[in-house]
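Worth saying up front: this structure is predicted, and the values here are computed from it rather than measured.
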Amino acid sequence: MAEHFLTKTRIDLGRCIQVAGAPAVEQYADLAAQLSAKAGPDVAKLFAEPLVSKGNDQAASTISWYCDRAGQGVPFAKLDAAGQEEVGVVLTARLSEISALLDDPDVGALAAAALYIGGSGDIWSVDGQPVLVNWGLMPEAGSDAGTRAAHYAKTLGPYLPMTPPPPVTASEREMHARDSATGAAASQAATPTTAAAAGTTAAAAAGSATVAGGGPSADTPPSGDNESAAAATPPLRGPVPLVAWVPLVLLLLLFGGALAWLLVPGNRIFADDGEQPVVTDAETLLAAREINRALQARLDDLNQALEGAVCRADGTLLMPDGLTIEGLLPPDFEQGRAQGGQVLRADLTPTLPPAPERVVLPEGDGQQGDAATLLEHIDARTAMVLVGRVQGMSAGTGFFVGPDLMVTNFHVIEGATAENVFVTNKSLGGLHRVEILKILGPMREVGADFALLRVVGVEQPFYSLRQSDASMRLQSVIAAGYPGDLLRTDSQFKALREGDVSAVPELTVTDGTVNTEQALSARTRAVVHSAPISKGNSGGPLIDMCGRVVGVNTFVVQGPMRNLNFALATDDLLAFLEGTPAAPTVTGEACVPMVARPAAAPLAARQ
């Protein structure tokens with residue numbers, strides 16, 4: 001069974017083409033084995049593996065489609081022009097191999113049936129390779145030869161023209177075999193002069209014609225007249241003119257330009273496209289398994305809590321342990337109340353995390369003045385890192401670990417000088433220059449990706465760092481940064497790029513939970529979490545619900561079903577900061593948030 005799920009479709013089983021008394025779609029194993037043996041495994045992988053679920057009076061039949069190719073499946077229509085061109089070339093080559101087997105007694109009937117797909121939307125791309133779903137189906141409009149011919153011309157016809165279309169009945173297969181033999185005889189009768197004009201031998205020309213279209217008769221109306229078939233045989237092609245190479249040259253230039261853009265530091269979550277030995281496939285698989293186990297445990301806990309939950313008359317939902325869903329005592333209990341009676345300490349791990357705007361952080365740990373909400377705390381301590389380059393401006397994220405000391409990723413500022421690096425956020429109110437105090441990277445070579453900057457002339461509140469041997473799995477976390485996906489639509493960022501140094505983009509925060517803590521190598525540890533990040537988040541903080549940094553967001557590993565978000569652990573960050581002016585506040589205490597009740601007055605929450 002293929003491992004990678006592609007898509008799921010509804011199907012009318014009455015449209016399935018029958019081969020030897022059974023639907024072709026139910027004979028996938030035989031089709032794949034025959035194609036693999038006769039045309040190679042890549043040709044066999046052209047057809048997705050079906051898992052048929054037959055419906056009933058209430059539900060339609062469905063097919064789940066799987067493939068052996070790893071990577072995110074994308075419908076052909078959603079690819080850009082260059083992607084469609086690339087996949088189309090491969091699809092044409094695969095179909096040409098299949099066309100040569102249509103008269104094969106073992107696989108010809110199945111192969112011909114498989115060439116009928118439900119529609120043009122059933123061509124997919126997985127890792128740049130074509131994959132077909134909904135194959136082996138008659139057109140919805142009917143099964144007669146004319147309808148099939150029109151349907152085939154709109155689906156796979158552009159990649160493998162066939163007139164008449166692939167044969168599905170015994171008489172059509174017999175006629176196709178006869179026409180193929182006629183075409184082969186006509187090709188062998190070609191004169192040496194004709195072959196010479198084609199720039200090759202007559203034997204090579206005949207072989208090429210058979211592979212490309214199943215013989216000259218593939219484009220000729222059915223006829224038993226050998227002389228007529230020979231006359232209809234298309235002339236052999238001559239040398240390819242130079243102008244025909246222009247599209248290929250343009251395509252190569254396009255790919256070269258895209259590659260050059262990807263190599264610009266800051267344009268991607270990793271600044272280099274090279275091999276990353278510290279994150280191997282095996283380690284990523286282990287992380288995925290840990291995530292699945294953690295999510296299943298979380299689901300079990302939530303289901304158990306839901307079964308024992310009680311809704312009181314005042315609207316408070318109490319969990320089986322007697323606390324609210326946020327881990328607070330009920331409103332009529334006095335224990336745990338802070339001054340003012342509105343801010344409470346969550347005594348246990350909450351069933352669901354409290355809303356960040358209701359989490360209150362007291363003075364201390366880099367907090368200046370009165371208490372602030374978690375969102376205010378994050379806004380003041382996180383900043384955008386801008387790097388001016390020849391190719392344009394790139395953006396990343398950093399966070400303060402001292403009044404004027406900021407941590408970010410090495411790859412955010414890689415190759416830049418201090419004169420080209422600037423920092424800004426709303427509390428800073430404009431661009432500030434930096435000094436580069438220490439760097440360590442790139443990741444693929446040293447297993448680390450850190451940079452320490454001194455932001456000239458500022459005195460900012462700063463984060464404390466959490467360092468503990470206790471597991472953080474399933475604890476709530478927040479990722480803060482300036483993802484490029486959102487900066488493209490941010491009017492403040494547009495104004496900043498156009499020269500308005502007072503314009504500051506909005507900080508983006510996303511929430512999630514810690515999935516696992518993983519040793520990527522002997523020298524690198526990471527926190528894998530579900531708070532979405534993308535390019536631009538690089539160097540930004542991963543924060544717990546008590547406002548402490550628990551990791552440095554650095555890269556994303558893309559999987560077939562979801563992305564894995566990696567933050568480098570604070571243990572590695574502290575090792576990097578040794579011997580520098582940075583002396584961050586470090587704590588190992590478990591996070592117990594201070595939460596304001598929903599009805600709490602803002603002023604009371606700050607007393």
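Atom CG of N515 and atom OG of S530 lie 5.0 Å apart (nearest 0.5 Å). From C67, atom SG reaches atom CZ of F47 across 14.0 Å, with rounding to the nearest 0.5 Å. The distance from atom CD of E86 to atom CG of L91, rounded to the nearest 0.5 Å, is 12.5 Å. Taken to the nearest 0.5 Å, the OG atom of S125 stands 13.0 Å off from the NZ atom of K78. The CG atom of D490 sits 11.5 Å away from the CZ atom of R497 when rounded to the nearest 0.5 Å. Between the CG atom of L79 and the CD1 atom of I123 there is a distance of 10.5 Å, given to the nearest 0.5 Å.
Residues L115 and L95 form a side-chain contact, since some pair of their non-hydrogen atoms from C-beta on lies under 4.5 Å apart. Side-chain contact between L46 and I98 is present, with heavy atoms from C-beta onward closer than 4.5 Å. Side-chain contact between L568 and R525: absent, with no pair of heavy atoms (C-beta onward) separated by less than 4.5 Å. Counting heavy atoms from C-beta outward, I117 and V133 have side chains that stay 4.5 Å or more apart. For the pair L6/V126, a side-chain contact is recorded, criterion being any heavy-atom separation below 4.5 Å from C-beta on. Between D42 and E97 the shortest side-chain heavy-atom distance does not fall below 4.5 Å. Side-chain contact between L487 and T508: absent, with no pair of heavy atoms (C-beta onward) separated by less than 4.5 Å. By the 4.5 Å heavy-atom criterion applied to side chains, L160 and Y152 are counted as neighbours.
Side chain of R173 to main chain of V168: a donor-acceptor pair is present (N/O by atom type, distance under 3.5 Å, no hydrogens or angles). A donor-acceptor distance shorter than 3.5 angstrom exists from the side chain of T554 to the backbone of V552, with no hydrogens or angles considered. Although no hydrogens or angles enter the test, the distance criterion places no donor-acceptor pair under 3.5 Å between the side chain of S538 and the main chain of G396. For the pair T92 (side chain) and G88 (backbone), a donor-acceptor distance under 3.5 Å is present. Side chain of R15 to main chain of M138: a donor-acceptor pair is present (N/O by atom type, distance under 3.5 Å, no hydrogens or angles). Panel note: side chain R148, backbone S143; a donor-acceptor pair is recorded below 3.5 Å. In this structure a side-chain-to-backbone donor-acceptor pair under 3.5 Å is present from W135 to A48. Without hydrogens or angle criteria, D104 side chain to V107 main chain gives a donor-acceptor distance under 3.5 Å. Under the 3.5 Å distance criterion, the side-chain polar atoms of T489 are matched with a main-chain donor or acceptor of L486.
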*Starting from the C-alpha separation in whole Å, work towards a yes-or-no answer on side-chain contact (heavy atoms from CB on, under 4.5 Å) for S61 and V52.*
CA-CA 8 Å; S61 299; V52 181; 5.7 Å; no

*Show your working on side-chain contact (heavy atoms from CB on, under 4.5 Å) between N565 and V528 and close with a plain yes or no.*
CA-CA 6 Å; N565 309 298; V528 187; over 6 Å; no

*Chi angles and distances behind the side-chain contact (heavy atoms from CB on, under 4.5 Å) call for W65, V131*: CA-CA 10 Å; W65 298 95; V131 178; over 6 Å; no

*asked:* Before you tell me yes or no, could you show the steps for W124 and T7 under side-chain hydrogen bond (donor to acceptor under 3.5 Å, both in side chains), namely the whole-Å CA-CA distance, both residues' side-chain angles and the distance that decides it to 0.1 Å?
replied: CA-CA 10 Å; W124 284 60; T7 187; 5.6 Å; no

*Walk me through it: do V557 and F555 pass the test side-chain contact (heavy atoms from CB on, under 4.5 Å)?*
CA-CA 7 Å; V557 173; F555 63 93; 3.8 Å; yes

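For T147, the side chain to side chain contact (heavy atoms under 4.5 Å, CB included) partners at least two apart in sequence or on another chain are P139, A141, D144. Remark: K45 engages no residue in a salt bridge (Lys or Arg N to Asp or Glu O under 4.0 Å) (not counting sequence neighbours). The salt bridge (Lys or Arg N to Asp or Glu O under 4.0 Å) search around D12 returns none, not counting sequence neighbours. In this structure, the side chain to side chain contact (heavy atoms under 4.5 Å, CB included) partners of Q27, at least two apart in sequence or on a different chain, are V19, A22, L110. Checked against salt bridge (Lys or Arg N to Asp or Glu O under 4.0 Å), D127 has no partners two or more places apart in sequence or in another chain. Scanning for side chain to side chain contact (heavy atoms under 4.5 Å, CB included) contacts around A177 gives D103, with sequence neighbours left out.
Counting all heavy atoms, side chain and backbone alike, F566 lies closest to A526 at CD2-CB, 3.9 Å. Between Y116 and A112, the closest heavy-atom pair is CD1-O, 3.5 Å. Between Q129 and R94, the shortest heavy-atom distance links the atoms OE1-NH2, 2.8 Å. In plain terms, the two heavy atoms of G128 and V87 that are nearest each other are O-CG2, 3.8 Å. Between A145 and P165, the shortest heavy-atom contact is O-CG, 4.2 Å. Closest approach of P167 and L102 over heavy atoms only: CD-CD1, 4.4 Å.
Test T155, T9, N134 against D122 for side-chain hydrogen bond (donor to acceptor under 3.5 Å, both in side chains) and you get one pass: N134. For the pairing with H529, the side-chain hydrogen bond (donor to acceptor under 3.5 Å, both in side chains) check across N553, T516, D511, T513 returns one residue only, N553.
Between K38 and D106 there is a salt bridge, with a side-chain nitrogen of the basic residue lying less than 4.0 Å from a carboxylate oxygen of the acidic one.
Other residues, nucleotides and ligands contribute over 12 non-hydrogen atoms within 6.0 Å of the CD atom of Q18.
Looking only at atom types and distance, the side chain of N537 has no donor-acceptor partner in the side chain of T397 under 3.5 Å away. For the residue pair D449 / H411, a side-chain donor-acceptor distance below 3.5 Å is found, with atom types taken as modelled. Between the side chains of R389 and S394, at least one donor N or O lies within less than 3.5 Å of an accepting N or O.
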